[in-house]
Amino acid sequence: MDDQPRLMHSHTGVGMAGHPGLSQHMQEGTGGTDGDGRKQDIGDILQQIMTITDQSLDEAQARKHALNCHRMKPALFNVLCEIKEKTVLSIRGAQEEEPPDAQLMRLDNMLLAEGVSGPEKGGGSAAAAAAAAASGGAGADNSAEHSDYRAKLSQIRQIYHTELEKYEQACNEFTTHVMNLLREQSRTRPISPKEIERMVSIIHRKFSSIQMQLKQSTCEAVMILRSRFLDARRKRRNFNKQATEILNEYFYSHLSNPYPSEEAKEELAKKCAITVSQVSNWFGNKRIRYKKNIGKFQEEANMYAARTAVNAANASSHGSQANSPSTPNSAGGYPSPCYQSDRRIQ
DNA sequence: ACGAATGATTCCGT
DNA sequence: ACGGAATCATTCGT
């Protein structure tokens with residue numbers, strides 16, 4: 001702290017030489033005193049400015065007032081104006097261009113798509129729940145979960161909006177606060193409108209980055225909600241007995257090559273009243289589980305083998321095909337096993 | 001309540 | 001794009 005005054009002195013010395021504006025003010029501001037006294041004055045003032053932040057509020061207020069009333073104040077103000085003008089130019093050059101944030105756009109789009117940030121529909125969670133309850137009379141199975149999902153979504157939506165509003169409010173409050181501060185300070189130091197604008201934009205950037213975090217976490221919450229409710233695993237139902245019989249029949253009668261073609265899958269799907277991909281899932285699961293523990297499936301395999309054998313016998317004796325979707329390939333009940341097993345009939 | 005069964009998803013290799 | 005393998009989440013049987 002000891003070198004501060006000296007530093008300022010030397011600086012003002014240079015300033016005196018280089019700033020016609022200052023010397024002009026000095027001359028008209030100070031009637032008869034000599035140059036050394038003026039230097040001392042400016043040194044004092046600058047030191048007071050530098051240390052003003054260390055002081056208590058009352059003390060600072062008093063000193064501020066004293067500075068405002070000081071006879072050297074207009075001169076100093078002018079010097080600061082000139083310095084400012086030069087530095088502001090350099091700052092303006094370094095002004096970074098605001099990039100159109102792709103990440104933010106993605107988040108916004110997603111929130112809009114999920115109906116979180118879009119226009120309010122249904123008007124709150126209570127109304128949404130009521131509407132869901134009203135519509136959920138007949139299809140209790142599906143719409144009960146759907147309403148649950150929507151209720152949770154509107155909860156997220158509500159939190160999102162209140163938080164967003166809070167941020168907005170805080171941003172505005174902070175901005176006006178800073179503006180007031182700057183206005184107040186503009187009495188003692190020069191502040192250009194450009195500077196205020198810049199300050200405001202900095203504040204807005206900061207707050208929008210906070211908003212981005214909110215949006216991000218909201219997106220995360222929605223994704224989790226989606227994965228919880230829209231995941232088919234959550235509402236899994238076992239196939240009915242008939243469907244599993246049909247599938248098993250096909251599987252064990254094609255044990256040598258249990259890979260149904262696309263057409264066979266479609267046919268099975270139709271017979272079982274399930275989708276083709278469900279058929280694919282079933283065969284995928286069956287293959288891997290059969291292979292993993294052939295012994296466990298032995299009984300089942302024998303049973304279906306016997307059944308197809310009976311069917312074949314019936315078919316040959318009656319001259320008509322059974323209603324099982326078995327194809328000619330290895331339909332005789334003696335499949336060459338692609339998975340080794342000591343298969344025996346009964 | 002518990003473990004087995006089961007349908008669906010995910011990851012990975014081809 | 002498909003199948004194998006592992007895994008998840010639910011349902012079923014006890």
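Just so it is clear: chains get the letters A, B, ... in the order the sequence lines come, proteins before strands, and each one is counted from 1.
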Audit row: Glu195(A), Arg198(A), salt bridge (Lys or Arg N to Asp or Glu O under 4.0 Å) steps and yes/no: CA-CA 5 Å; Glu195(A) 236 180 312; Arg198(A) 196 164 146 269; over 6 Å; no
Check step by step if salt bridge (Lys or Arg N to Asp or Glu O under 4.0 Å) holds for Lys215(A) and Glu220(A). CA-CA 9 Å; Lys215(A) 283 173 182 178; Glu220(A) 255 170 58; over 6 Å; no
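Between the CZ atom of Phe239(A) and the C1' atom of dT10(C) there is a distance of 13 Å, given to the nearest Å. In this structure, the CG atom of Asn248(A) is 13 Å from the C1' atom of dA5(B), given to the nearest Å. Protein atom CZ of Arg287(A) is 4 Å distant from nucleotide atom P of dG4(C), rounded to whole Å. Per the geometry, CH2 belonging to Trp282(A) stands 13 Å off C1' belonging to dA5(B), to the nearest Å. Atom C1' of nucleotide dA4(B) and atom CD of Glu299(A) are separated by 16 Å, given to the nearest angstrom. Distance CD1 (Ile288(A)) to C1' (dC2(C)): 14 Å, rounded to an integer number of Å. Rounded to whole Å, atom C1' of dT14(B) lies 13 Å from atom OH of Tyr259(A). We find that CG of Asn293(A) is positioned 13 Å from C1' of dA5(B), with the value rounded to whole Å.
Annotation for Thr308(A) and Ala305(A): closest pair OG1-O, 2.8 Å, computed over non-hydrogen atoms.
Closest-nucleotide positions on DNA chain C for Lys265(A) and Lys241(A) were compared, and the one nearer the 5' end corresponds to Lys265(A).
Side-chain proximity of Arg236(A) to the nucleotides dA6(C), dA5(B), dG4(C) is greatest for dA5(B). Listed nucleotides: dG4(C), dT6(B), dA6(C). Nearest to the side chain of Lys292(A): dA6(C).
A donor-acceptor contact under 3.5 Å is not formed by the side chain of Asn238(A) with the base of dA5(B). The base of dG7(B) sits within donor-acceptor range of the side chain of Arg289(A), with an N or O pair under 3.5 Å.
Residue-level contact check: Phe283(A) touches neither bases nor backbone, having no heavy atom under 4.0 Å from any strand.
Annotation: side chain of Phe251(A) is not in contact with side chain of Tyr304(A) (no heavy-atom distance under 4.5 Å).
Taking 4.0 angstrom as the limit, Lys291(A) places a side-chain polar atom (N or O) nearer than this to OP1 or OP2 of dA5(C). Listed pair Gln278(A) / dG7(B) fails the phosphate criterion, with no side-chain N or O lying under 4.0 Å from OP1 or OP2. Note on Asn281(A): every side-chain N or O is 4.0 Å or more away from OP1 and OP2 of dG7(B). Proximity of Tyr290(A) to the phosphate of dG4(C): no side-chain N or O atom is located under 4.0 Å from OP1 or OP2. Considering only side-chain N and O atoms, Arg237(A) lies nowhere under 4.0 angstrom from the phosphate OP1 or OP2 of dG7(B). Between dA5(B) and Lys296(A), a contact under 4.0 Å exists linking OP1 or OP2 to a side-chain N or O.
When only modelled atom types and interatomic distance are considered, Asn109(A) and Arg106(A) share no side-chain donor-acceptor pair under 3.5 Å.
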